[in-house]
Structures are given as C-alpha cells and as structure tokens.
Participant: 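My questions will all concern the structure given below.
Quick caveat: nothing in here was measured; it's all calculated off a predicted structure. Numbers for residues simply follow the sequence, beginning at 1.
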Amino acid sequence: AVYVRAGNGKKDTGGEIVLSAGSTTDSGTTGGRLQLWSGKSATSSTTAGDGSSGSIAIQTPNSHSAVGLSGSIIMSSGTSSAGNTGAFYIGSGVATGGRAGSVYISSGDGKTGTGGEVVLSAGSTSTATGTTGGRVQIISGLSTTKTSGAVTIQTGASTGTATDSSASGMMVLSTGDSANGNSGGLFISSGSSTADNKGRSGAVYVRAGNGKKDTGGEIVLSAGSTT
C-alpha cells in the first residue's frame, strides 16, 4: 500500500495535504488534469463479491466536540471569465450484464432543529445577453421492453404525538411570479399511448386525504383574478 499522511498538531489546525495539478499560461492549452482511479479486478470469477473494482471514499471525520462541526466537502467546477464553466457529473457506470449502480443523495439526520436539507437549484442568468434560466429536470429511466421507472415526490410522514399538533410536510408545485410578462404554466398530465389497440393512456388522480376528526381534506380549484 501507499500512504500519504499529514502530521498531527496540538493547536490550530492539523497538517494539510494538497494535491494540485499544474497550470499553463499559453493560449489554446489546458491546465493539468487531476485524476483519482481505484484499482480494477481482472478476475473472471463468478463468486459473489469477487471481481469488484476498488472503492473510492471521500469523507470528513466525525466531530467529537459538543459545539464543533464535522468538516465540509466541496466539489465544484471553477468560474469562467469569458466562457462556459466546467460541467459537474455524478453518475454510476453502465452495466453490460446486470443492473446499473444506484446514485444516492441524502442529507444527515438531526437531533435538534430541522433535518439536513437537500437543495437542487439551477443557475440564473442576469446579463443583457442572457436568455433563459437553467432547467431542473427529473426523468426516470426508459425501458425498451417493459415499464419505465417511476418518479416519486413525497414528503415524509409525521410521527409526533397527538399533543404536538404536528403535520406532515407541505408540498408546493408552483411557477414563479413574473414582473414584466406572463408567469409560467403548470401542466399535470399523463403520457399518450401510441400503440394501436394495445393500451390505454395513464389516468390522472387528484385526491384529498382522509381525516379522523373534523372535516376531510379539501380540493379547491380557483381561477386567477385580475385587478
């Protein structure tokens, strides 16, 4: 094995490890690349667990202080002064003889206050030559033989006691306001079935939840007013 390790300190911060690729100043060239590769396995064994490539773990250690925080991890492409910034990809590899690996994005649990947030935010544009803000797209995988993957957007359950007056989280689907034009539309629709005499299009259900006291959940359809 090869170990690269900074020394411990008794005050201030511990020793740092900095990996930095070289830069270039000539026009039309590219700075050096920094690449982390785990080892591959060339075995052809069919035993479970054999033949796996090595893992890559990037993790900050736990904080043992009553008021301290565990370290942050920042993965970001750099800024660009006269062009596009670099893209950022997170993905699992393609499987040629099994199922593809999953991608999990999860925030941590908390014991006080609120749990950690997961925020997906596309970039905005503000210059005179800017056109449209960035798009946020959630698409399930297609299937060439059977059913495409489902997309589930759901708030977590509330397990508080009856005296807590707790409720499950709210879900808001809304377009933003527009200061100088039309606001965006909101479409909820099932897809069409294009097979001849072989299928029906998907149904659309709008349903309020049941209640154990007072009134059941309401469904309110209200058109916009004008002033």
Participant: Rounded to the nearest 0.5 Å, how far does OG1 of Thr144 lie from NZ of Lys146?
Facilitator: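 It is 11.0 Å, given to the nearest 0.5 Å.
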
Participant: I need the Phe187 CZ to Thr175 OG1 distance, nearest 0.5 Å.
Facilitator: 10.0 Å

Participant: Would the distance check show the side chain of Ser193 and the main-chain N or O of Ser201 forming a donor-acceptor pair, the cut-off being under 3.5 Å?
Facilitator: no

Participant: Decide whether Ile58 and Ile17 are clustered together by the hydrophobic rule: side chain heavy atoms of Ile, Leu, Val, Met, Phe, Trp, Tyr closer than 4.5 Å, transitively.
Facilitator: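 Cluster IDs for Ile58 and Ile17 differ.
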
Participant: Grab the two heavy atoms, one from Gly116 and one from Ser107, that are nearest each other, plus how far apart they are.
Facilitator: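 Nearest pair, atom of Gly116 first, then Ser107: O-OG, 2.6 Å.
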
Participant: Would a single hydrophobic cluster contain both Trp37 and Ile56, if residues Ile, Leu, Val, Met, Phe, Trp and Tyr are joined by side-chain heavy-atom contacts under 4.5 Å?
Facilitator: no

Participant: How many angstroms lie between CG in Asn62 and CG in Leu69, if you round to the nearest 0.5 Å?
Facilitator: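 That separation rounds to 12.5 Å.
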
Participant: Can you see which heavy atom on Ala203 is nearest to which on Ser190, and at what distance?
Facilitator: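 The pair with the smallest heavy-atom distance is O-CB, 4.2 Å.
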
Participant: At their closest point, which heavy atom of Thr155 faces which heavy atom of Gly169, and how far apart are they?
Facilitator: OG1-O, 3.1 Å

Participant: What closest approach, in Å, do Ser140 and Gly149 show between heavy atoms, and which atom pair accounts for it?
Facilitator: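 For Ser140 versus Gly149, the nearest heavy atoms are OG-O, 2.5 Å.
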
Participant: Can you name the closest pair of heavy atoms from Thr24 and Gly31 and give their distance?
Facilitator: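 So the minimum-distance heavy-atom pair works out to CG2-N, 3.8 Å.
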
Participant: Would you say the side chain of Thr132 lies within less than 4.5 Å of the side chain of Thr125, judging by non-hydrogen atoms?
Facilitator: no

Participant: What do you reckon, is CD of Gln35 surrounded by more than 12 foreign heavy atoms closer than 6.0 Å?
Facilitator: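 Result for CD/Gln35: enclosed.
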
Participant: Can you get from Val94 to Val103 by hopping between Ile, Leu, Val, Met, Phe, Trp and Tyr side chains that sit under 4.5 Å apart?
Facilitator: no

Participant: Got a sec: does the CG of Leu186 have more than 12 other heavy atoms crowding it under 6.0 Å?
Facilitator: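 Enclosed.
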
Participant: Just wondering, are more than 12 heavy atoms of other shown residues or ligands nearer than 6.0 Å to CE in Met75?
Facilitator: no

Participant: Nearest 0.5 Å, what's the NZ-OG distance between Lys40 and Ser52?
Facilitator: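 Answer rounded to 0.5 Å: 14.5 Å.
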
Participant: Atom CD1 of Ile138 and atom CG of Leu120: how far apart are they, to the nearest 0.5 Å?
Facilitator: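 Ile138 atom CD1 to Leu120 atom CG measures 6.5 Å (nearest 0.5 Å).
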
Participant: In Å, rounded to the nearest 0.5 Å, how long is the span from OG of Ser92 to CZ of Arg99?
Facilitator: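 If we round to the nearest 0.5 Å, Ser92:OG and Arg99:CZ are 9.5 Å apart.
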
Participant: Write down the atom of Ala208, the atom of Gly217, and the distance for their closest heavy-atom approach.
Facilitator: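 Residues Ala208 and Gly217, closest heavy atoms: CB-O, 3.2 Å.
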
